[in-house]
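Below is one structure; the comments refer to it alone.
Side chains are part of it too, since the values below use all heavy atoms of this structure and drop only hydrogens, waters and symmetry mates. Lettering follows sequence order; numbering is per chain, from 1.
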Protein chains: 4
Amino acid sequence: MRSVSQKATPDASRRSETARRAILTAALDLVGRVGYAKLTIEGIATAAGVGKQTIYRWWPSKGSILFDAFLSLTTDQQDGALPDTGDLAADLKLVLRATVDELQDPGFDLPMRALHTEIVHDPVLAADYATRLDEPMRELKRDRLRAAQRAGQMSEDVDLDVAVDLLFGPILNRWVQRTGPLTHEYVDLVVDTALRGLKP
Amino acid sequence: MRSVSQKATPDASRRSETARRAILTAALDLVGRVGYAKLTIEGIATAAGVGKQTIYRWWPSKGSILFDAFLSLTTDQQDGALPDTGDLAADLKLVLRATVDELQDPGFDLPMRALHTEIVHDPVLAADYATRLDEPMRELKRDRLRAAQRAGQMSEDVDLDVAVDLLFGPILNRWVQRTGPLTHEYVDLVVDTALRGLKP
Amino acid sequence: MRSVSQKATPDASRRSETARRAILTAALDLVGRVGYAKLTIEGIATAAGVGKQTIYRWWPSKGSILFDAFLSLTTDQQDGALPDTGDLAADLKLVLRATVDELQDPGFDLPMRALHTEIVHDPVLAADYATRLDEPMRELKRDRLRAAQRAGQMSEDVDLDVAVDLLFGPILNRWVQRTGPLTHEYVDLVVDTALRGLKP
Amino acid sequence: MRSVSQKATPDASRRSETARRAILTAALDLVGRVGYAKLTIEGIATAAGVGKQTIYRWWPSKGSILFDAFLSLTTDQQDGALPDTGDLAADLKLVLRATVDELQDPGFDLPMRALHTEIVHDPVLAADYATRLDEPMRELKRDRLRAAQRAGQMSEDVDLDVAVDLLFGPILNRWVQRTGPLTHEYVDLVVDTALRGLKP
DNA sequence: GAGTAATCGAGACGGTACGTCTAGTCTTCCA
DNA sequence: TGGAAGACTAGACGTACCGTCTCGATTACTC
């Protein structure tokens, strides 16, 4: 796996994999322990036992470190595909309940919020996020919905991206803005109501 | 209007209204001109022609300044109520189109993103935001939906908060994550699809 | 007793003697407890239970407060005249030993050093010091030496100011620069050697 | 030449000699132009084109900067030894007249007073001053007086330190306290009178 | 294998901003 | 009106990080 974006100069073949991993691990560890606001490059370097220059050589911004760190966190648990038991509502509820559980695990919540902050202000990072993290996940979701369409459980004329947004948008928004509790009940309500609009 | 949170000590009755307004104006102006990342308390103080201590005396964090600044921005344009022409879909599209237009106006987008960032990391501020900004707006939205229920245009058994989330969540989420363009067409699609699920 | 120098405006007849005394006492107390470097007008005002303005109204500088405070410290113990037992050397040793003892008493040493610092940099204060504190003392010293001249114990052609400087200068200088210990032995040596040059 | 005192941590071998010299020069320049009271570390850093941290890294206090600055000022003009023409009085007058001239040159007077102020309040600095500046000079003075003893112009039983204090103490004291003008006549009087006490 | 070129840990550098502290002024209310 | 209280503008304090830089010491390719 390669870093988000990198200067042309350094010869990547010589890159120390040890240092790279130490930096990403330290970044994740620190963002969980001291929080995003107090996460500093200097702190990451020290915690990783690495010179500051080694970080600046390979990453253009704090956000890109977080991105790579996050990437290394999620790619380990690549599911492959969403469950398909034939019961669309049940499958979606399963996935979304797992999502809110994850979002409430501090080890995932804090880095995710940190990355989120960077994305909000950095369009380049946002694009990278969209391409490398969001889009693959979104494709899996669309796949599942496409299957539902083929099974006659979902209207054919629904835009799949809108459908995904309708299902996941409310939950993510509630997570971000903390406008209410992220319970399984809420997930179920959203899925049921949204599906009523998606059914044929 | 009172500030977000304030230390017990200072005597608020002696507070300089001139300084307060200058600070909020300068904060809004600066966040729009230099961006959130380069927004500094020192910069706000200088731009407002105010001593740093005056800021630290009355606001506990940069986020709370932004909050107050944002509050002073929105309370000027209090709508009172959402439009009600009898056509729910049209009314919602009108409101949401206005929302996305606003979210794409740099003078609103940048401060909003800045405030957003603070909210993501500061639960206290998030609670304040929920109470003082989000909830009043949400109440207006619920009112319009309640009227639709009474007019038989919306199912009676729908949770109004879930309905609001279903309509606004996808849009806000796309704004935050920049996962796609915020067009009027997208708004219309979301409204139409969501309403299908909300109809009786 | 009046303050060192004062603005023309305030009507001194209305001045609160209570506040004045509280300020001078607090100044002396604080300079002894926290040291000169950390002596602040604000601190004096708080310790004296007095508004800052009351200080600024009546004293032009921190040095002038110290001066007045010091004045109130020394005028209580006005001796009147130096001892005259007929034995010039013994009398001088007595006075100078008392002086070095005083200079080594923290309650006197610290305020004295503080005042000293102000004098070094403020010619106006230096002049005031010379006139109101140094000169009266110097006059007493000259008196004693004049008596010695009359008694034939000291040469008639010696400049009395030079004589005083010769006797007190070395001791004060050693106190200021801490170039050596201020012992009674040192005092005796200085007196004996200096007197050899002053004798007829 | 090394700085007054330095933290154990920083690696002195990496110290920038350019920055060090710029800081000392700026300190001397500023103390002469704006005076000691308005001499700030921030000002020195700016004038020297140096980061504040570079100053704080190598000097523990403003006084120690002044000390080093002063040291760099005086070591350039190392005399080696006091003049010895055989005429003790004339030689001393020459030296002391030069001293008072120097003390009245603003380029020397102001930094000297500034350093003096720090010494009065900082025993550590005072010790450093005594060892590195005062003692070497004093040794030269003692040398000259020792030569005078060998030449039979000065009593053998006089403590040389007391003799030095008797000659220089009055002058320095008058400089510090401004109790009178520092003229060549005064110098001559002090030398003549003191020498009367020091002769065999 | 020796030479060489780039990365590595380390940390000093010129800067900027932090949050605190004090200066000296101004305003309000009390006695 | 003087005094207690304390908010105000201004700006220095000493600290923390930024991103750049230079320094040997590995370390991995090239010849």
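Sorted by first and then second residue, the ring-ring contact (aromatic ring centres under 6.0 Å, His included) pairs with a member in residues 20-40 of chain D read C:His121-D:Tyr36; sequence neighbours excluded.
A 4.5 Å side-chain heavy-atom check between B:Ile41 and B:Tyr56 finds at least one atom pair inside the cut-off. Taking the side chain as every heavy atom from C-beta outward, C:Trp58 and C:Ile65 never approach each other to under 4.5 Å. Counting only heavy atoms from C-beta outward, the side chains of C:Arg33 and C:Leu30 approach each other to under 4.5 Å.
One interatomic measurement links the two molecules: CD1 of D:Ile23 to P of E:dA12, which rounds to 14 Å at whole-angstrom precision. Remark: C1' of F:dC13 and CD1 of D:Ile65 are 13 Å apart, rounded to the nearest angstrom. E:dA12 atom P lies 14 Å from atom CH2 of D:Trp59, rounded to whole Å. Between A:Ile55 atom CD1 and E:dG11 atom C1' there is a gap of 14 Å when expressed in whole angstrom units.
For D:Arg113, the salt bridge (charged side-chain N to carboxylate O under 4.0 Å, His left out) partners at least two apart in sequence or on another chain are D:Asp109.
Looking at B:Arg178, its side chain does come within 3.5 Å of a backbone N or O of A:Val120 through a donor-acceptor pair.
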Contact list (N/O, under 3.5 angstrom) for nucleotides 13-18 of chain E vs protein:
unit_1, atom_1, unit_2, atom_2, d
E:dC13, OP1, D:Ser16, N, 2.9
E:dC13, OP2, D:Arg57, NE, 3.0
E:dC13, OP2, D:Arg57, NH2, 3.4
E:dC13, OP2, D:Trp58, NE1, 2.7
E:dG14, OP2, D:Gly51, N, 3.4
E:dG14, OP2, D:Thr54, OG1, 2.7
E:dC18, OP1, B:Ile41, N, 2.8
E:dC18, OP2, B:Ile41, N, 3.3
E:dC18, OP2, B:Glu42, N, 2.8

